[in-house]
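Below is one structure, written out as structure tokens; comments come after it.
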Protein chains: 8
Amino acid sequence: MDWDREARTGLPEAVFAAGKTPAQIEAIVADAGERRLLLTRLDAARHAALTPATRDALDYHPLSATAILNGCAAARPGRIAVVTGGLADMPAATEALRTLAFCGVTAELVADVGVAGLWRLMGRLDEIRAADVVIAVAGMEGAIFSVLAGLVAAPIIALPVSVGTGVSEGGRLALHSALGSCAPGLVAVNIDNGFGAAQAALRILGPRPPAS
Amino acid sequence: MDWDREARTGLPEAVFAAGKTPAQIEAIVADAGERRLLLTRLDAARHAALTPATRDALDYHPLSATAILNGCAAARPGRIAVVTGGLADMPAATEALRTLAFCGVTAELVADVGVAGLWRLMGRLDEIRAADVVIAVAGMEGAIFSVLAGLVAAPIIALPVSVGTGVSEGGRLALHSALGSCAPGLVAVNIDNGFGAAQAALRILGPRPPAS
Amino acid sequence: MDWDREARTGLPEAVFAAGKTPAQIEAIVADAGERRLLLTRLDAARHAALTPATRDALDYHPLSATAILNGCAAARPGRIAVVTGGLADMPAATEALRTLAFCGVTAELVADVGVAGLWRLMGRLDEIRAADVVIAVAGMEGAIFSVLAGLVAAPIIALPVSVGTGVSEGGRLALHSALGSCAPGLVAVNIDNGFGAAQAALRILGPRPPAS
Amino acid sequence: MDWDREARTGLPEAVFAAGKTPAQIEAIVADAGERRLLLTRLDAARHAALTPATRDALDYHPLSATAILNGCAAARPGRIAVVTGGLADMPAATEALRTLAFCGVTAELVADVGVAGLWRLMGRLDEIRAADVVIAVAGMEGAIFSVLAGLVAAPIIALPVSVGTGVSEGGRLALHSALGSCAPGLVAVNIDNGFGAAQAALRILGPRPPAS
Amino acid sequence: MDWDREARTGLPEAVFAAGKTPAQIEAIVADAGERRLLLTRLDAARHAALTPATRDALDYHPLSATAILNGCAAARPGRIAVVTGGLADMPAATEALRTLAFCGVTAELVADVGVAGLWRLMGRLDEIRAADVVIAVAGMEGAIFSVLAGLVAAPIIALPVSVGTGVSEGGRLALHSALGSCAPGLVAVNIDNGFGAAQAALRILGPRPPAS
Amino acid sequence: MDWDREARTGLPEAVFAAGKTPAQIEAIVADAGERRLLLTRLDAARHAALTPATRDALDYHPLSATAILNGCAAARPGRIAVVTGGLADMPAATEALRTLAFCGVTAELVADVGVAGLWRLMGRLDEIRAADVVIAVAGMEGAIFSVLAGLVAAPIIALPVSVGTGVSEGGRLALHSALGSCAPGLVAVNIDNGFGAAQAALRILGPRPPAS
Amino acid sequence: MDWDREARTGLPEAVFAAGKTPAQIEAIVADAGERRLLLTRLDAARHAALTPATRDALDYHPLSATAILNGCAAARPGRIAVVTGGLADMPAATEALRTLAFCGVTAELVADVGVAGLWRLMGRLDEIRAADVVIAVAGMEGAIFSVLAGLVAAPIIALPVSVGTGVSEGGRLALHSALGSCAPGLVAVNIDNGFGAAQAALRILGPRPPAS
Amino acid sequence: MDWDREARTGLPEAVFAAGKTPAQIEAIVADAGERRLLLTRLDAARHAALTPATRDALDYHPLSATAILNGCAAARPGRIAVVTGGLADMPAATEALRTLAFCGVTAELVADVGVAGLWRLMGRLDEIRAADVVIAVAGMEGAIFSVLAGLVAAPIIALPVSVGTGVSEGGRLALHSALGSCAPGLVAVNIDNGFGAAQAALRILGPRPPAS
């Protein structure tokens, strides 16, 4: 682990748990000691296979498949809105929210505002416009990315998710809708990459202001 | 040519001129004689290469790359709205409009209402809702298909067009956005297939009512 | 849930159950109360994991993976034919049939008329031609879409299904055969989207006529 | 050139002219001397760039883009039907026909029998059924391959062609429709490969019977 | 089932068991009665789920995943060679062999002659050249198709199989190697389609000669 | 044109000139009158086809294919670095630079620092680290995106360009390298979309501070 | 098995165990007798299903999924460095290392030097530069291939691995990054093909020098 | 230009001329002065557009589209065989040969030994086996890569070329045939990358031995 990373770049070290064995995860947690650590893509089965002591040490959140060791950073300024189209977007959306929380940023969730019912999005536009950065989460055809980009002036990070069937299966369609949008100034991260979307938002918020 | 086709199916015979030589087109026009005929994908260069007599006989429309021989059918009932996002959608949109006109249907064009500026679409919603069938034309990410499907109850035929760059080049993204939409009941035709969209709309309008 | 949706658009609210936990489904059913609700993509394992009370409340149909709560709408006019090539098309075909039934439309199933034995289709052409809308269901190479479009004047909604092996695996081939057909006026919905095909057919039938 | 090839395998040596310079083609023709030679993919511009002497020596056929030097082989038995859907299939179809002619086989062309008008195919079924081998040529969605395979017992070689737009552009859709067909026993050659389809048909006809 | 199919086309009726429930398979077997029937893609788990009576009635062959009811047809003339590169090609190869056996044709298996050790293929060339039709079975890069086509004059049906890793996973590479070969006159069937390769070979052998 | 857009969103109206006829461009310029306007993708041939009066009115920059009417906005704060790997990245890089200049932001170009010669990038790291936002421009395999993201804490917008051959042709490889990077917090825009990268950077800089 | 292969080509015979049944593997091991043999892609479940006697005879290494029968070859000269980006690259990296060890080459592992933390790679450059051949192992965007090729003059074999999510899933992105690199002289093997990378390195080392 | 590159890495600096304007090429040549320089992808039209003085200074070779300024390096040891299947492989093959010559290595060309006529390859096997490194050049299905890898023990660099039609168009099929080969130890470079294949061969030959 690169334990100096946060000091150097302002972004925390994190462990991508998918594909790692319980023994490898135990070893990383032991190595962390008193340091703060975020684990992502730790699914329920893999979490359940850890030792009770390790499970006790971790703040585990099943929907986002994340675990936090030794707590979150102190709160810092910065308003981020995480906007989702539907229930199926929540795993990636909460991975972003937990990553932000780990770094001391409490983001606002604006959920279930998919464009098939446009008035839902319209009704919450003021909340979204109040944010410094918007993370928009969508699967299927990802139309919400373009609609938001036409309505909001802040930076918008499109987080496409692998939700869909047939031609929209796997998330490529939502990703490409963000990249190929007719609305200007959208940026995108990889499919299902809630951690990366949060990291990009943290880059945009900039370094933590010095404690006064 | 299948000159009995209109009597049999209600849909007119048409000639896909792309890839045909001027001589082949001349032969088809000569064979038509007094019959009505629609030519599609007749680009300006190919049209210019026809004999003056043939060019005189044809009502040619460059933007849609269509030509009509021996006039349009008598007007028939049926309200169709053709909705476009921007200037680049006009070749396919006008191919649909000319095909409809050839069959006696005068459709309404609702142009330049792309979702990057949502108020433009909202401002013309009443016109669109008045239609029996909507043909929605869009390239790039095709977000307008989903937005329309959430706002309009009539049948909506998505006509994706090969307008876009990078990941949206070629029209597949717009096509897949229509098919993979989160909004229910959208149907799609092939990329740039304005003729096919018009034919589908004619199938939905149903047979021409008997003259009373 | 958007419980006002049917009043607003004429199309019923429905729940896409795939990817939802039993607890989430229970909550939605509880929220519905006395309202009518359609659940799609509710596979047998997920259905079996519901509480007995919820299972009792649902009219469950395993082949289509649909469940209906609080019954179907009153019968309304409109003739729809659902045409299939073979046994493997039945899950998507019955998803369409159940969605139509939920909305009060009793459609006719014309099964097992794949083009490898053309006389089967020919022998049932009169039934198909009697329909206001045809939903054609096919996997593999989807040749039936083109054959039907040449024989029937009504609107034809191609419903491609993920039935096939090798190059036809996943349903893209059938989808593209519908979109790229040499026969005019075909429209398509997403792969395996029986619900969407039914919704499109309902859009074409138009609003329920007022009770006289 | 492998001038012994015909003696060894029964299949003639041929030159794929696309991508070769006029000088390279001249050299090959000169090297052939009195031997019989077939040139394929020799487009009109490249043919026009040859010396008059070479052009005089060649029997050139523009539609198929083939040229024959020193005549065709003596007639041999074997009935082959080449079946096409429309005018756009003719370049590949005639490449097959010219290759067969070069080898002494006169095939029958059954043209313009696309499945959008099924009665055209039905009306010529007896001619097709009389063949030892059928070469079926189609672009777009290639539905004719499946229809034919259900109606004819002879070997059917599907020759997909790069005719189509949008999702059917380039010929992959037609190729995959042949390979993924619900009808048994179809085989396919590469897109636009009229020469290869003819070679496969010659393999099926078998060695030329000894002169009696 | 289309029980008249064999009489009409010379090719037997067969059941593609993949995706069918044991109950559906039982019903088909019961419907067959005394008739001969071939079942393909009947994997061991599905076979084990049949009733003992049905299992007793079936001649089951696990490697090919085929079962035969009521025996094979009487032996008929025709020499077919099935050539494979390695052990992993055997499921598709034996599906072809069992289909041929069901129709009365005993084919010769020339196994384990992949081109990485060219002398193995060379050592068995005489056997292969003695065949009327060659079915060549290969996964990975399918180089054997081109090598065989340069060495053998008989019809060669390439049967690509889904054996490979990385870029050769799924069988597309082998399929395309057959279609895009530099050697003339190869034809291909769909990936893993041993049944289809056998059917194509039967079409080439032609109708069973009348008993004298 | 949406002339109120800048007032509403802070981002300027711009015209995507590719695919527009000279007459259409003339009309847009005439409609602009005294307003400031940016034209992108105006290639040299299309520019040369404009009337002399229009050409005189435009500040044209061939490498970026952009033209500016009525000058740039007043200078505003914000430091942006545009980092490129090689000469071939300059069209997209300068499209971004010209868009920024049009909006009053003078960005710094750090050119020719591709990772094949890592010391070039290392030698200019201080300049890059001084920026508020980094736009990284690369084609081929886009390795510079990951290297930069590990060295710089500011927001990095990856701008993939369609520079490359074989597997890297068209820019998808560079785009995917940005999205799939092992380094956290990268965001990407569409291939060759210098205008979009600049717009995203402007969103991140935020609204122009009020004149004091 | 081709037991003469090593004598003939210098490369050992090996068994690709994936897809083989335990019985087939037992038979191959029995056939080997006293000969040395390498088994690859022998996962833990398949290994556990072997008989105790066979398991005792095999030197099994779970991470690489390889087993060695009858020991490794005597040590031979040649320095090979195997460079990895992270923990997830170890299965393929150790497959290469075990293959090399089986052939008598002890390679050096330079692990965890991914480019997101460039100083890790820089700190171990001397070790890498001391090698005769470098095998570079990476998934995701594979940026390390280009960085290494700019820093090291020895032959570099890129071994892409199927590690990644979204657009980098499956290893194609890493493979294409190697092939499309801006740095000259990289070569690549198939995804996850540690055995092949080792074989290529052995070809480069050349024949084992004669014992003096 | 990185004029110290050859001293540092042993590989020469080269200019990829495709996409560069004549003025840019002139500037690079002027900057080179007395230094040796290789230009690749300099097509005939671009070469003709250079000034006479520049053209006089360049040793231009049209087939390979390469130009050499100030001569080749002194001859150095190392035997390389460049093996091709047919005439269409020559542009890439000669790009490799010219790059090698520029670096002082005279390679042997073994041309026209495609596997459709296996005896041609067999007849020249001794020449190929005498080489230290083999560069194998092939388009279409690239079967020669596997055949060679089974016959030759030296390192084999597969150089796939964009020669082919239909499914083999663009060179991906040949590339994948090399990567997915059943024969061990093949490595590949990008499509049409003769320069890269030569660079890889030079890495394998190793540093130029010191003059004695």
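Letters A, B, ... mirror the listed sequences (proteins, then strands); counts begin at 1.
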Answer with side chain, backbone, both or neither: which region of [X] has an atom nearer than 4.5 Å to a non-hydrogen atom of chain C?
{"X": "B:Leu186", "value": "backbone"}
{"X": "B:Ala154", "value": "backbone"}
{"X": "B:Phe195", "value": "side chain"}

Look at [options] and state which one has the largest set of heavy-atom pairs under 4.5 Å with chain B.
{"options": "C:Gly206, C:Gly180, C:Ala198, C:Ala188", "value": "C:Ala188"}
{"options": "C:Ala183, C:Gly196, C:Pro184, C:Ala197", "value": "C:Pro184"}
{"options": "C:Gly185, C:Ala200, C:Pro207", "value": "C:Gly185"}

### Query
Looking at residues at least two apart in the chain, or sitting in another chain, which of them share a ring pair (Phe, Tyr, Trp, His ring centres under 6.0 Å) with C:His61?
none

### Task
Going by the side chain to side chain contact (heavy atoms under 4.5 Å, CB included) test, name the single residue among C:Ile204, C:Asn190, C:Val187 that passes it with B:Val187.
C:Val187

### Message
What residues of residues 162-177 of chain B make heavy-atom contacts with chain C at a cutoff under 4.5 angstrom?
### Response
B:Arg172, B:Leu175, B:His176

### Message
For the backbone of C:Val152 and the side chain of B:Arg203, can you confirm whether one donor and one acceptor N or O come within less than 3.5 Å of each other?
### Response
yes

